[in-house]
Q: 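Sending over a structure as C-alpha cells; questions will come in a sec.
Residue numbers run from 1 in the order of the sequence given.
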Amino acid sequence: MELKGTHWSEGVAKLAVWLSGLIDFEQAAEVLERVGQIVISDSSIWRQVQKWGEKFQELEEKHVLPASQSGTALAPRMGVSMDGTMINIRQEGWKEVKVGCVFEVALGPAKDGRTGEMVELAHAKRNSYVAHLGGPERFGELVWAEARRRGWEHASDSEVVGDGAPWVWNTTATYFYNSWQVVDWYHATEHLWSAADNLYGVGTPETQRWFRKWETPLYQ
C-alpha cells in the first residue's frame, strides 16, 4: 500500500509519528515498508510529525491556564526533576530539549547496594512529564503548570532534583523557591571526583581513597 498526499488513516499517522520518536524519519519509513507494507516517504512522515505536534501544542496550551487556577493534593510529598538533552533536528542541527518530570515521593523497601540489606528508601511514583524545545522561560511555565495540576501547592513537602545547571536553579527560584533543592547523585559524585583529582591528581591511589572517604557522607 502506498500513501501519497493526505491519504493517511489516523492509525497509520499515529504509528508513523510514534516511530519517528524512536528512530529517525528515514528508518521509520523503512520499518513501515518492510513490516507493514506501507510505502511512505520520510518527508511525508516529517510533515505528519509537524501536523500532530501542532495539535499536541494546542492541548498543552489549554492545560497551562486551568492549572494556574486550581490543584488537588495527590500525595503528602512531591518532587520535580529538570534536565536538558541534545537532539538533532532535521535541517536545523543539534538543539537542546528541556524535560521535566513531576512525581510523588513515597517510601518503599529497596536493597541497599552497599550492605545488601533491605531498607526504606524514597521512590518516585506516578511520574508525569513535560518537554520543550526552546528556552527555559517557556519551559518553566509548562513544568509549573503540570506541578500545579498535580497538586504541588497542597503537598506537605517538596523537592527539586537537578544537575546543577544555572537554568535549572533559576527556574527553581522562580517557581519552586519553597522546595528543597538537591543535586542528583550522578552529578554530585562527578563534582566529588573533580575535587579529589584537584587535591591529589587524576587516578592516584590517594585520589581514590579520598573519594571513598567522602562518598558515604555525601550520600547521607
Side-chain angles (χ1 to χ4, degrees), residues 21-22 53 56-57 59-69 71-89 92-108 110 113 121-198 211 214-220:
L22 302 175
F56 284 125
Q57 188 170 4
L59 290 173
E60 187 179 76
E61 294 290 344
K62 291 179 181 178
H63 285 298
V64 171
L65 204 57
S68 66
Q69 300 169 354
T72 302
L74 297 177
R77 295 180 62 193
M78 296 191 70
V80 63
S81 178
M82 294 178 278
D83 203 354
T85 186
M86 302 301 292
I87 60 174
N88 198 338
I89 305 297
E92 295 184 24
W94 290 94
K95 293 186 176 182
E96 184 180 60
V97 59
K98 295 175 173 58
V99 181
C101 175
V102 180
F103 53 90
E104 298 173 17
V105 180
L107 290 176
L121 293 178
H123 296 267
K125 302 287 187 180
R126 302 185 72 244
N127 300 351
S128 60
Y129 300 89
V130 297
H132 177 62
L133 183 63
E137 293 80 10
R138 177 56 178 161
F139 171 78
E141 295 174 357
L142 296 174
V143 72
W144 175 234
E146 176 62 13
R148 296 196 70 176
R149 185 189 72 81
R150 294 285 303 273
W152 186 271
E153 293 174 304
H154 301 278
S156 62
D157 195 17
S158 59
E159 64 183 53
V160 177
V161 182
D163 61 4
W167 71 265
V168 171
W169 304 124
N170 290 338
T171 302
T172 301
T174 301
Y175 296 102
F176 305 100
Y177 48 85
N178 287 331
S179 303
W180 296 98
Q181 300 177 24
V182 183
V183 177
D184 69 78
W185 177 241
Y186 177 85
H187 288 91
T189 55
E190 276 195 332
H191 289 297
L192 192 64
W193 274 118
S194 295
D197 290 340
N198 287 329
F211 175 86
W214 293 106
E215 182 183 21
T216 296
L218 176 64
Y219 182 81
Q220 294 171 338

Q: Judged by atom type as modelled, is there a donor-acceptor pair below 3.5 Å linking the side chain of Ser81 to the main-chain atoms of Cys101?
A: no
Q: Nearest 0.5 Å, what's the CH2-OG1 distance between Trp167 and Thr172?
A: 9.0 Å
Q: Indicate the atoms forming the closest heavy-atom contact of Ala147 with Phe176, along with that distance.
A: CB-CE2, 3.8 Å
Q: Can you tell me how far CH2 of Trp214 sits from CH2 of Trp193, rounded to the nearest 0.5 angstrom?
A: 15.5 Å
Q: Given the rule in the side chain to side chain contact (heavy atoms under 4.5 Å, CB included) test, do Trp152 and Ser158 qualify, once you have shown the distances and angles that lead to the verdict?
A: CA-CA 8 Å; Trp152 186 271; Ser158 59; 3.3 Å; yes
Q: Check whether any side-chain heavy atom of Tyr175 lies under 4.5 Å from a side-chain heavy atom of Val80, and answer yes or no.
A: no
Q: How close do Ser179 and Val160 get, counting heavy atoms only, and between which atoms?
A: CB-CG2, 4.1 Å
Q: Look up atom CD in Glu137 and atom OG1 in Thr174, then write down how far apart they are to the nearest 0.5 Å.
A: 9.0 Å
Q: Restricting to non-hydrogen atoms, name the atom on Phe211 and the atom on Thr189 that form the minimum distance, rounded to 0.1 Å.
A: CE1-O, 3.7 Å
Q: For the residue pair Leu218 and Trp185, establish whether any side-chain heavy-atom pair is separated by less than 4.5 Å.
A: yes
Q: Measuring from atom CG of Asp163 to atom CH2 of Trp169, what distance do you get when rounded to the nearest 0.5 angstrom?
A: 8.0 Å
Q: Looking at NZ of Lys95 and CE of Met86, how far apart are the two atoms once the value is rounded to the nearest 0.5 Å?
A: 10.0 Å
Q: How close do Leu133 and Glu96 get, counting heavy atoms only, and between which atoms?
A: CD1-O, 3.4 Å
Q: For Ala131 and Val97, work out which heavy atoms get closest and say how close.
A: CB-CG2, 4.3 Å
Q: For Lys98 and Gly135, indicate whether the former's side chain and the latter's backbone hold a donor-acceptor pair under 3.5 Å.
A: no
Q: Under the ring-ring contact (aromatic ring centres under 6.0 Å, His included) test, which residues partner Trp180, sequence neighbours left out?
A: none
Q: Quick one: closest heavy-atom pair of Leu142 and Val130, and the distance?
A: O-CG1, 4.1 Å
Q: Rounded to the nearest 0.5 Å, what separation is found between the CG atom of Asp184 and the CD atom of Glu190?
A: 8.5 Å
Q: Donor-acceptor pair, Arg138 side chain versus His132 backbone, under 3.5 Å?
A: no
Q: Can you tell if the side chain of Met78 reaches within under 4.5 Å of the side chain of His154, non-hydrogen atoms only?
A: no
